[in-house]
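To keep things clear, I will list the structure first and then write my remarks on it.
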Amino acid sequence: MSGNINPYKNSDQSKRVQVEKMFDTISNEYDGLNRVISFGIDIKWRKKVVAMIAATNPQNILDVATGTGDLAINLAETGAKKIIGLDISAGMLAVGKKKITASNLDQTIEMVQADSENLPFEDNHFDAITVAFGIRNFETLDKGLAEIYRVLKPGGLFVILETSVPTKTPFKQGYTFYSNRILPLIGRLFSKDKDAYAYLSESASVFPYGERLNNILRKIGFSNVNDLPQTFGVATIYTASK
């Protein structure tokens, strides 16, 4: 389980604290490196998430682990009146706020610093909730998912976009080589935090995906759970409802 993998192996701090520190450190370089690492394909995946959410005509949306706000900004296309981007990292949120202002979305998108496993919202509050490339950073996966379930309205849609591991040859072997050798190398060469991209790679390789994550979602109480592998299985979009 990804909860056993922390960014800094020599630290005795909790995963939550380490993740916050890591993203604060890499916040200013994150967007640029992310485009390089994913070859820009993540933009296409986010568009699919937005289309799924837009089909439900939500009035208010929560984007958990919003980071620098890419998905929150994209979600403005749904026509929702209110979008909240929530993240534990002040550094990532600061970058996101600048992007939101540049996009003239200050009246629609609010950035909130909070712990994903202790959401500061009432029960049954949001029409839709999203998490893109952040769920594997939860310290306790079940607790984070239970919190999301709590604040989602009955009938609301929950969509996860997360990395996964291809199962078919040669994509599985190619993914393993890229994740274990190339991704950490890019991190060492271009990042101020040499451990960060090694952690991102390692946590992705052990995170439960496909039917394993589907079953966890069902255990929490979600219904209509489905997974949709993307680009040979290097990422997966999960949909669920309450």
If we ignore angles and hydrogens, is there a donor and acceptor under 3.5 Å between the side chains of [X] and [Y]?
{"X": "Asn224", "Y": "Ser241", "value": "yes"}
{"X": "Ser89", "Y": "Asp24", "value": "yes"}
{"X": "Lys15", "Y": "Asn137", "value": "no"}
{"X": "Lys99", "Y": "Thr68", "value": "yes"}
{"X": "Tyr209", "Y": "Asn214", "value": "no"}

Answer whether the closest heavy-atom distance between the side chains of [X] and [Y] falls below 4.5 Å.
{"X": "Val131", "Y": "Ile148", "result": "yes"}
{"X": "Leu75", "Y": "Thr130", "result": "yes"}
{"X": "Ser116", "Y": "Val64", "result": "yes"}
{"X": "Thr231", "Y": "Phe171", "result": "no"}
{"X": "Ile5", "Y": "Phe207", "result": "no"}
{"X": "Thr108", "Y": "Lys82", "result": "no"}
{"X": "Met22", "Y": "Tyr199", "result": "yes"}
{"X": "Val159", "Y": "Ile129", "result": "no"}

Would you give the length of the straight line joining atom [atom1] of [X] to atom [atom2] of [Y], rounded to the nearest 0.5 angstrom?
{"X": "Leu62", "Y": "Ile84", "atom1": "CG", "atom2": "CD1", "result": "6.5 Å"}
{"X": "Leu152", "Y": "Glu147", "atom1": "CG", "atom2": "CD", "result": "12.5 Å"}
{"X": "Ser14", "Y": "Glu20", "atom1": "OG", "atom2": "CD", "result": "9.0 Å"}
{"X": "Phe23", "Y": "Thr25", "atom1": "CZ", "atom2": "OG1", "result": "10.5 Å"}
{"X": "Met111", "Y": "Leu86", "atom1": "CE", "atom2": "CG", "result": "9.5 Å"}
{"X": "Glu29", "Y": "Asp31", "atom1": "CD", "atom2": "CG", "result": "10.5 Å"}

Taking all non-hydrogen atoms of both residues, which atom of [X] and which atom of [Y] are closest, and how far apart?
{"X": "Pro166", "Y": "Val234", "result": "CG-CG1, 3.7 Å"}
{"X": "Leu93", "Y": "Gly85", "result": "CD2-O, 4.2 Å"}
{"X": "Leu145", "Y": "Phe158", "result": "CD2-CE2, 3.9 Å"}
{"X": "Leu141", "Y": "Pro208", "result": "CD2-CG, 4.2 Å"}
{"X": "Ala235", "Y": "Leu161", "result": "CB-CD1, 4.3 Å"}
{"X": "Ser164", "Y": "Gly233", "result": "OG-O, 2.7 Å"}

Using the side chain to side chain contact (heavy atoms under 4.5 Å, CB included) rule, take Leu119 and Arg150 through it: C-alpha gap first, then chi angles, then the decisive distance, then the call.
CA-CA 9 Å; Leu119 298 175; Arg150 178 182 67 80; 4.1 Å; yes
I'd like a table of donor-acceptor pairs (distance under 3.5 Å, sequence neighbours excluded) in which one partner is a side-chain atom from residues 52-61, with atom names and distances.
unit_1	atom_1	unit_2	atom_2	d
Thr56	OG1	Ile53	O	2.7
Asn60	OD1	Asp127	N	3.0
Asn60	ND2	His125	O	2.7

Without swapping roles, check the side chain of [X] against the backbone of [Y] for a donor-acceptor pair under 3.5 Å.
{"X": "Tyr238", "Y": "Gly210", "value": "yes"}
{"X": "Ser103", "Y": "Leu105", "value": "no"}
{"X": "Glu117", "Y": "Glu139", "value": "yes"}
{"X": "Arg136", "Y": "Thr163", "value": "no"}
{"X": "Thr236", "Y": "Asp227", "value": "no"}
{"X": "Thr140", "Y": "Asp142", "value": "no"}
{"X": "Asn6", "Y": "Tyr8", "value": "no"}
{"X": "Asp87", "Y": "Gly67", "value": "yes"}

Single-linkage hydrophobic cluster, 4.5 Å side-chain cutoff, [X] and [Y] together:
{"X": "Val17", "Y": "Ile88", "result": "no"}
{"X": "Tyr178", "Y": "Phe232", "result": "no"}
{"X": "Ile43", "Y": "Ile237", "result": "no"}

Validate the cation-pi geometry between Lys242 and Tyr149: distance from NZ or CZ to the six-membered ring centre under 6.0 Å, angle to the ring axis within 45°.
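The answer is yes, since Lys242 meets both limits relative to Tyr149.
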Please evaluate residues Asp115 and Arg16 with respect to the criterion side chain to side chain contact (heavy atoms under 4.5 Å, CB included), reporting the C-alpha separation (whole Å), side-chain torsions for both, the decisive distance (0.1 Å), and the verdict.
CA-CA 8 Å; Asp115 182 0; Arg16 174 190 172 281; 3.4 Å; yes
Pair Lys97-Asp106, salt bridge (Lys or Arg N to Asp or Glu O under 4.0 Å): steps then yes or no
CA-CA 8 Å; Lys97 287 176 182 177; Asp106 289 301; over 6 Å; no
Take Tyr30 and Val95 through the test side chain to side chain contact (heavy atoms under 4.5 Å, CB included) and record every step on the way to the result.
CA-CA 10 Å; Tyr30 181 79; Val95 175; over 6 Å; no
Got more than 12 heavy atoms from elsewhere within 6.0 Å of CD, Glu211?
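Buried by this count: over 12 neighbours within 6.0 Å.
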For Lys172, does the NZ atom have more than 12 heavy-atom neighbours from other residues, nucleotides or ligands under 6.0 Å away?
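Open: at most 12 neighbouring heavy atoms sit under 6.0 Å from NZ of Lys172.
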Can you list the steps and then say if Gln230 with Lys44 is a side chain to side chain donor-acceptor pair (under 3.5 Å)?
CA-CA 10 Å; Gln230 305 293 310; Lys44 178 181 178 182; over 6 Å; no
Hey, mind stepping through Leu71 and Phe133 against side chain to side chain contact (heavy atoms under 4.5 Å, CB included) and telling me if it holds?
CA-CA 10 Å; Leu71 183 54; Phe133 306 114; over 6 Å; no
Using the salt bridge (Lys or Arg N to Asp or Glu O under 4.0 Å) rule, take Lys9 and Glu202 through it: C-alpha gap first, then chi angles, then the decisive distance, then the call.
CA-CA 12 Å; Lys9 293 180 172 58; Glu202 189 177 1; 2.9 Å; yes
